[in-house]
Amino acid sequence: MLKIATWNVNSIKVRLPQVLDWVATARPGLLCLQEIKTVNDNFPVQELEDAGYQCQVNGQKTYNGVAILNRTPHDPVDIVDAIPGLDDPQRRVLAATYGDLRLVNLYVPNGSEVGSDKYAYKLDWLARLRDWLAEELARHPQLVVVGDFNIAPEDRDVYDPEGWQGSVLVSEPERAALRALLDLGLRDSFRLFDDSAGQYSWWDYRAAAFARDRGLRIDHILVSEALTGACKSCVIDKVPRGWERPSDHAPVIAEFDL
DNA sequence: ATGGTCGTTGGACGA
């Protein structure tokens with residue numbers, strides 16, 4: 001059984017103790033992190049190696065940054081750290097192959113506000129991502145695409161759909177861009193097992209959003225058709241969101257018969 | 001309550 005997890009930690013420097021605590025019990029074979037907010041040289045490689053994990057890091061100063069931790073039998077190969085051909089100083093992508101499994105870790109742009117420059121950047125980025133993932137899927141039938149997508153796929157993934165209607169993270173062009181990824185032949189693994197509304201992975205720090213369970217489901221694990229049969233579960237672990245000084249995101253973890 | 005809270009910074013900016 002291989003567990004693959006994704007967690008926007010909002011600073012690895014602050015959250016390292018929580019990551020170490022969490023992996024000690026959850027024991028994912030692969031853990032994809034987003035918003036590490038550090039340059040590669042300051043990533044806590046030693047501490048994570050001591051916990052049994054090998055680290056691939058794609059960081060930058062202050063913002064963004066992604067990493068993949070593995071304790072798999074295979075070393076990562078064919079590492080890619082950007083959407084090919086996209087000249088982007090923002091470190092948001094890390095892909096690697098572990099045996100027959102291709103893993104893509106994403107920190108999709110937030111988009112700020114509908115109509116803003118950052119929103120246009122988000123939609124353009126997603127279009128470029130789609131073209132790249134089409135190629136990845138052709139090369140690697142066993143593909144898993146995870147990360148903070150900054151998109152709630154449907155209204156059932158939003159605590160107040162009427163209040164959020166048309167806003168960034170839920171707007172129709174963003175949802176269409178996510179559907180375009182799924183139309184390549186990917187499935188939202190969470191929805192293979194749970195049709196319910198009110199399952200969230202992110203809660204704003206403000207206004208006691210977590211205590212009131214006012215969240216959105218914006219962190220996803222997408223699996224290729226070839227892997228859907230092997231995927232045995234996908235759950236959101238809300239526990240770390242309730243810890244002292246938490247990330248604003250909860251980890252999402254999928255189990256595979258691999 | 002047209003705000004709120006974090007993290008990185010060392011004043012705003014991004015989320």
Side-chain angles (χ1 to χ4, degrees), chain A residues 6-22 32-44 47-48 57-67 82 88-94 105-126 129 146-153 157-171 173-175 177-178 200-220 236-252:
Chain A
T6 178
W7 193 4
N8 180 323
V9 291
N10 186 18
S11 165
I12 189 60
K13 182 180 177 182
V14 172
R15 232 64 67 190
L16 177 63
Q18 297 190 18
V19 171
L20 293 171
D21 280 357
W22 188 73
C32 294
L33 303 176
Q34 303 88 34
E35 283 204 273
I36 61 172
K37 292 188 171 179
T38 184
V39 294
N40 292 8
D41 285 348
N42 289 339
F43 192 83
E47 291 88 337
L48 289 161
V57 187
N58 183 21
Q60 68 178 89
K61 184 177 160 65
T62 309
Y63 301 118
N64 310 313
V66 290
D88 188 354
Q90 301 187 33
R91 311 319 292 171
R92 298 180 174 278
V93 171
L94 194 54
N105 178 20
L106 304 173
Y107 176 46
V108 175
N110 172 282
S112 187
E113 273 185 74
V114 172
S116 67
D117 288 350
K118 291 189 176 69
Y119 182 78
Y121 163 70
K122 180 180 193 174
L123 293 181
D124 179 62
W125 195 95
L126 287 163
L129 173 68
V146 315
D148 176 1
F149 284 73
N150 270 313
I151 302 170
D157 303 307
V158 181
Y159 75 88
D160 175 17
E162 292 77 21
W164 274 86
Q165 187 170 20
S167 300
V168 75
L169 311 185
V170 311
S171 75
E174 291 167 86
R175 287 177 166 175
L178 178 56
Y200 311 131
S201 67
W202 169 82
W203 300 258
D204 198 294
Y205 283 123
R206 294 166 289 188
F210 182 66
R212 300 154 81 182
D213 201 22
R214 297 183 164 208
L216 276 66
R217 193 174 67 90
I218 59 176
D219 300 270
H220 308 300
I236 302 165
D237 185 358
K238 289 172 66 172
V239 172
R241 185 61 179 81
W243 288 345
E244 198 83 25
R245 208 178 180 194
S247 167
D248 45 351
H249 295 252
V252 183

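Throughout, a chain's letter reflects where its sequence line sits, starting with A, and its residues are numbered from 1. What you see is a predicted model, and the numbers here were worked out from it, not measured in a lab. Because only heavy atoms are used, hydrogens play no part in the values below, and waters and symmetry mates are left out as well, while side chains stay in.
Using cut-offs of 30° and 60° on the angle between ring planes, the pair His220(A) and Phe149(A) is tilted.
If you take CG of Asp204(A) and P of dG7(B), they are 13 Å apart, rounded to a whole angstrom. One atom, CD of Glu35(A), and another, C1' of dG7(B), lie 9 Å apart when rounded to the nearest Å. One interatomic measurement links the two molecules: CD of Gln34(A) to C1' of dA15(B), which rounds to 14 Å at whole-angstrom precision. A straight line from CZ of Arg206(A) to P of dG7(B) spans 14 Å, rounded to a whole angstrom. At whole-Å resolution of the value, CD1 in Ile36(A) and P in dA15(B) are 15 Å apart. Between Lys61(A) atom NZ and dT8(B) atom P the separation is 11 Å, expressed in whole Å. Rounding to whole angstrom units, CZ of residue Arg212(A) and C1' of dT5(B) are separated by 14 Å. Between the CD1 atom of Ile151(A) and the P atom of dA15(B) there is a distance of 14 Å, given to the nearest Å.
With hydrogens and angles disregarded, no donor-acceptor distance shorter than 3.5 Å links the side chain of Ser201(A) to the backbone of Ala250(A). Formation of a donor-acceptor pair under 3.5 Å by the Arg92(A) side chain with backbone atoms of Leu106(A) is not found in this model.
The side chain of Val14(A) approaches dT8(B) more closely than any other nucleotide in the set dC13(B), dA15(B), dT8(B). Considering only the side chain of Asn10(A), dG7(B) comes nearest among dT8(B), dG7(B), dG4(B).
Regarding contacts with the backbone of dA15(B), every side-chain N or O of Ser112(A) stays at 4.0 angstrom or more from both OP1 and OP2. In this model, the phosphate group of dG14(B) is approached by a side-chain N or O of Lys118(A) to a distance below 4.0 Å at OP1 or OP2. A close approach under 4.0 Å does occur between a side-chain nitrogen or oxygen of Arg245(A) and OP1 or OP2 of dG7(B).
Counting non-hydrogen atoms under 4.0 angstrom, Arg15(A) reaches the backbone sugars and phosphates but no base. Among the heavy atoms of the strands, none lies under 4.0 Å from Phe210(A).
One distance of note links CD of Glu113(A) with OG of Ser167(A); it measures 9.0 Å at 0.5 Å rounding.
Considering only heavy atoms from C-beta on, Val14(A) comes within 4.5 Å of Arg245(A) through its side chain.
Of the C1' atoms belonging to dA15(B) and dG4(B), the separation is 14 Å, rounded to the nearest Å.
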